[in-house]
Amino acid sequence: MNLLSDRIQELSESQTIAMNRKSREMKENGIDVISLSLGEPDFNTPDFIKDAAKQAIDDNYTYYPPIAGYKDVREAISKKFKRDNGLDYSPEQIVVSTGAKQSIANVVLCTINPGDEVLLPAPYWVSYYEIVKLAGGIPVVIPTKIENDFKITGEELESFINTKTKMMIFSSPCNPSGTVYRAEELEDLAKVIKVHPNLLVISDEIYELINFEGKHASLAANTEIYDQVITINGVSKGFAMTGWRCGYIGAPLWLAKACDKMQGQFTSATCSITQRAVLAALEADPSEVSYMKDAFAKRRDLVLGLLNEIPGIETNLPIGAFYIFPNVTKLFGKKHNGKEIGNCNDLCLYLLEEAQVGLVPGDAFGSPNCIRISYAASEETLVEALKRIKSAIEKLS
């Protein structure tokens with residue numbers, strides 16, 4: 001007798017988590033696996049942030065916080081939005097959640113009804129698709145090409161909008177491609193969004209601080225669509241605070257209130273100690289953590305150089321985040337020891353078994369011609385991983 005709900009049975013497991021689990025299981029069995037599958041900085045949380053958390057414990061921040069977050073934390077987020085992004089979100093327009101993933105889920109569950117269509121420019125972060133499904137929405141994938149750096153234009157966006165379209169979700173810098181939309185490219189999208197006032201857009205900017213090209217551009221800075229945009233951000237990537245679990249939104253007031261209500265029935269407020277640590281992070285000058293971005297830029301160039309030596313791998317230059325998303329279709333149809341590479345899943349399994357390197361297939365992100373490589377690892381580890389990948393791929397014929 002199956003007592004599970006249809007809802008949970010229709011929900012797919014995150015392939016990034018699944019691949020990391022397979023890598024971990026192989027390690028536990030004594031196999032020397034290098035996992036480049038998770039999107040997690042390999043840096044420790046900066047000491048000044050950890051010190052703030054320790055002080056919070058001593059100051060007895062051990063009681064239930066307000067659902068939307070402590071007022072001074074929301075005020076700090078409001079100032080951060082203004083300082084770094086030129087965005088005017090009052091503290092009342094901000095909701096602090098247990099990670100950016102919950103922030104996105106709150107917004108989707110508060111706005112999407114069964115049958116509403118949600119546009120997802122591919123590649124997209126794995127959880128967007130499943131969160132939309134969970135809300136009863138219909139994910140509509142907008143394909144992109146590596147030669148266009150995986151970006152969509154306003155004209156392409158317009159061609160996918162119809163009377164059922166309720167929302168678009170995208171990230172910049174992008175997980176998994178490292179794509180960064182420049183201000184003029186966001187303006188091109190904004191011209192289309194403006195024509196459709198009932199279209200909401202979630203702009204996921206969690207990788208904001210890992211941008212190798214200059215100043216980050218926010219979609220909501222286009223004032224004519226400010227009320228249609230929900231800005232998602234957090235501290236996990238830029239401040240190496242993945243385990244602290246804190247994300248936040250800047251949104252129209254009506255939606256912020258709805259997310260506060262939704263969160264109050266699910267998780268309530270984000271951990272009190274985490275919030276005090278986040279306050280310290282956001283009040284600091286962003287240059288305090290620029291050493292991480294500099295290290296990631298160096299690793300990107302290292303990995304790209306090594307990848308470009310491997311036949312059958314097509315790359316572009318990612319401008320942000322810590323991923324490379326190569327096109328691998330030239331390897332499809334090749335074989336080794338009776339195993340044929342029919343798709344990106346086959347390739348990732350082959351590399352896990354033959355090279356002992358864990359990667360993520362691109363179909364998890366809506367781009368079945370690609371694979372995702374995270375370079376959030378030491379240079380020594382990356383060199384060894386790419387050496388193994390090259391050796392394994394050269395065996396294919």
Side-chain angles (χ1 to χ4, degrees), residues 15-16 19 34-39 120-126 128-129 141-153 156 170-181 185 207 212-213 296-297 299-336 339-355 357-377 382 385-397:
Q15 286 200 44
T16 55
M19 285 300 292
I34 298 175
S35 179
L36 302 181
S37 59
L38 274 187
L120 303 177
Y124 48 77
W125 183 47
V126 290
Y128 296 162
Y129 197 97
V141 178
I142 304 178
T144 62
K145 298 179 180 179
I146 192 170
E147 51 265 36
N148 297 328
D149 291 326
F150 302 107
K151 295 178 182 180
I152 63 166
T153 64
E156 288 170 322
F170 81 111
S171 60
S172 178
C174 176
N175 176 4
S177 67
T179 295
V180 175
Y181 280 86
E185 293 166 332
Y207 289 89
F212 311 129
E213 198 173 71
F296 286 132
R299 295 173 188 179
R300 175 199 64 175
D301 294 342
L302 171 67
V303 173
L304 269 179
L306 295 171
L307 278 175
N308 289 336
E309 295 176 0
I310 303 175
I313 299 285
E314 180 186 0
T315 65
N316 69 322
L317 180 66
I319 303 301
F322 38 71
Y323 309 106
I324 296 175
F325 201 61
N327 184 300
V328 292
T329 51
K330 291 179 181 177
L331 300 176
F332 296 171
K334 293 183 178 293
K335 300 177 182 179
H336 176 64
K339 294 182 180 179
E340 181 174 353
I341 308 300
N343 51 48
C344 63
N345 285 282
D346 290 344
L347 180 61
C348 285
L349 286 172
Y350 170 74
L351 291 174
L352 184 60
E353 295 169 359
E354 186 69 27
V357 178
L359 307 173
V360 187
D363 61 358
F365 310 99
S367 297
N369 292 333
C370 301
I371 59 174
R372 191 187 78 171
I373 301 171
S374 169
Y375 52 87
L382 293 170
L386 269 294
K387 177 183 176 183
R388 295 182 187 186
I389 290 171
K390 183 178 181 182
S391 176
I393 288 178
E394 287 177 342
K395 294 176 184 177
L396 295 170
S397 60

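- In this structure, Cys344 and Asp363 approach most closely via the heavy-atom pair SG-N, 3.6 Å.
- Annotation for Asn343 and Asn345: closest pair OD1-N, 3.0 Å, computed over non-hydrogen atoms.
- For Lys151 against Glu156, the heavy-atom pair with the smallest separation is O-OE1, 3.9 Å.
- Atom OG1 of residue Thr329 and atom CG of residue Leu331 lie 8.0 Å apart, to the nearest 0.5 angstrom.
- With values rounded to the nearest 0.5 angstrom, Ile373 atom CD1 is found 4.5 Å from Ile371 atom CD1.
- Judged by distance alone, with hydrogens and angles left aside, the side-chain atoms of Tyr181 form a donor-acceptor pair with the main-chain N or O of Ile152 at under 3.5 Å.
- Between Thr179 and Phe150 the shortest heavy-atom distance is OG1-CB, 3.6 Å.
- Arg372 places a side-chain N or O within donor-acceptor distance of the main-chain N or O of Ser37, the cut-off being under 3.5 Å.
- Between Phe365 and Phe325, the ring planes lie perpendicular to each other; the angle is over 60°, past the 30° to 60° tilted range.
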Under 3.5 Å, which donor-acceptor pairs do the side chains of residues 385-394 form with other protein atoms, sequence neighbours left out?
from   : atom 1 : to     : atom 2 : distance (Å)
Arg388 : NE     : Glu384 : OE2    : 3.0
Arg388 : NH1    : Asp32  : O      : 2.8
Arg388 : NH1    : Gln356 : O      : 3.3
Arg388 : NH2    : Asp32  : OD2    : 2.6

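- Distance check: Ser397 OG to Lys334 NZ gives 7.5 Å after rounding to the nearest 0.5 Å.
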side-chain contact (heavy atoms from CB on, under 4.5 Å) for Tyr124 and Val141? Distances and angles first, verdict last.
CA-CA 9 Å; Tyr124 48 77; Val141 178; 3.8 Å; yes
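- In this structure, the separation between CG on Leu317 and CG on Asp149 is 7.5 Å, given to the nearest 0.5 Å.
- Look at Lys339 and Glu353 and you find a salt bridge, because one of the NZ, NE, NH1 or NH2 atoms lies within 4.0 Å of a carboxylate O, short of that distance.
- Note that CG of Leu351 is 11.0 Å distant from CG of Asp346, once rounded to the nearest 0.5 Å.
- No donor-acceptor pair closer than 3.5 Å links the side chain of Arg300 to the backbone N or O of Tyr375.
- Side-chain atoms of Ser374 never come within 3.5 Å of backbone atoms of Gly39 as a donor-acceptor pair (strictly under, hydrogens ignored).
- Rounding to the nearest 0.5 Å places CG of Asn308 at 6.0 Å from CG of Leu304.
- The closest side-chain heavy-atom distance from Ile34 to Leu382 is not below 4.5 Å.
- Contact between Pro318 and Ile324 at its shortest, heavy atoms only, is CG-CG1, 4.0 Å.
- With Tyr207 as reference, Pro173 is the one residue of Ser171, Ser172, Pro173, Cys174 to meet the side-chain contact (heavy atoms from CB on, under 4.5 Å) rule.
- When all heavy atoms are compared, the tightest approach of Pro326 to Ile313 is CB-CG2, 3.7 Å.
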